[in-house]
Amino acid sequence: MQRLGVTQTALADHLGIHKGDVSKLLSGKLRIRLATFRKIEAFLAQAERKAQPRGVAESPHTRFEHKPPSGRCITLEEALALKANPPPKLPAEERERLIRELVELSEAYKLLPRANTMTDDEILGYDEFGIPSQ
């Protein structure tokens, strides 16, 4: 939170709870329900997106013949230079093969049986009111 410049007050406002309860959640004095954890996760992800430097980001899967000197981000001039001299593209038949494999994997995943019918709260041991079961 400190790295992102997020305060406990801002998190409390996002969660709709008192600032003191956020302190207790973060220190482990209160248990965090899965729904609350997901709200915190979404809040921090949004804060991280806002904290990202502006510019053209390099995808970890992008292949550049000339790696940008800054590592993860490149300048506008570097992006324009890459546009003028783009890296080689994936051949059409290779691209089609990859798409076909992804579709097959997606269909196979849909056919997999569910391993569990329990809800996330049941798996974590909470009852319908958020009270830990014994």
Quick check: do Leu26 and Met1 have side-chain heavy atoms less than 4.5 Å from each other?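 The answer is yes; the side chains approach within 4.5 Å.
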pair Ile17-Leu11: side-chain heavy atoms closer than 4.5 Å: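 The answer is no, as the side chains (C-beta and beyond) never meet within the 4.5 Å cut-off.
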Could you work out the complete set of other residues in the hydrophobic cluster of Leu105, with links drawn between I, L, V, M, F, W and Y side chains under 4.5 Å apart?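 Other cluster members: none.
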From Lys29 NZ over to Asp21 CG, what is the distance, rounded to the nearest 0.5 angstrom?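 Those atoms lie 12.0 Å apart.
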Show, in sequence, the C-alpha distance, side-chain angles and deciding distance for Arg97 and Glu101, and conclude whether the salt bridge (Lys or Arg N to Asp or Glu O under 4.0 Å) test is met. CA-CA 6 Å; Arg97 184 186 63 80; Glu101 288 179 5; 2.5 Å; yes
Output all residues satisfying side-chain hydrogen bond (donor to acceptor under 3.5 Å, both in side chains) with Arg95, sequence neighbours left out; order by chain, then residue number.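 side-chain hydrogen bond (donor to acceptor under 3.5 Å, both in side chains) check on Arg95 returns nothing, list empty.
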Which atoms form the tightest heavy-atom contact between Thr36 and Leu25, and what is the distance?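 Heavy-atom minimum between the residues: CG2-CD1, 4.3 Å.
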Search all heavy atoms of Ser23 against all heavy atoms of Gln8 and return the closest pair with its distance.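 Nearest pair, atom of Ser23 first, then Gln8: CB-OE1, 3.6 Å.
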Decide yes or no on side-chain contact (heavy atoms from CB on, under 4.5 Å) for Thr9 and Val22, but give the supporting numbers first. CA-CA 8 Å; Thr9 304; Val22 170; over 6 Å; no
Between Arg38 and Glu41, is there a side-chain N and carboxylate O pair less than 4.0 Å apart?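 Glu41 and Arg38: not salt-bridged.
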Any pair with a residue in residues 5-26 that passes ring pair (Phe, Tyr, Trp, His ring centres under 6.0 Å), sequence neighbours left out, goes on the list, sorted by first then second residue, please.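 Non-adjacent pairs meeting ring pair (Phe, Tyr, Trp, His ring centres under 6.0 Å): His14-Phe43.
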Please check if the side chain of Ser106 supplies one atom and the backbone of Leu102 the other of a donor-acceptor pair under 3.5 Å.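 Absent.
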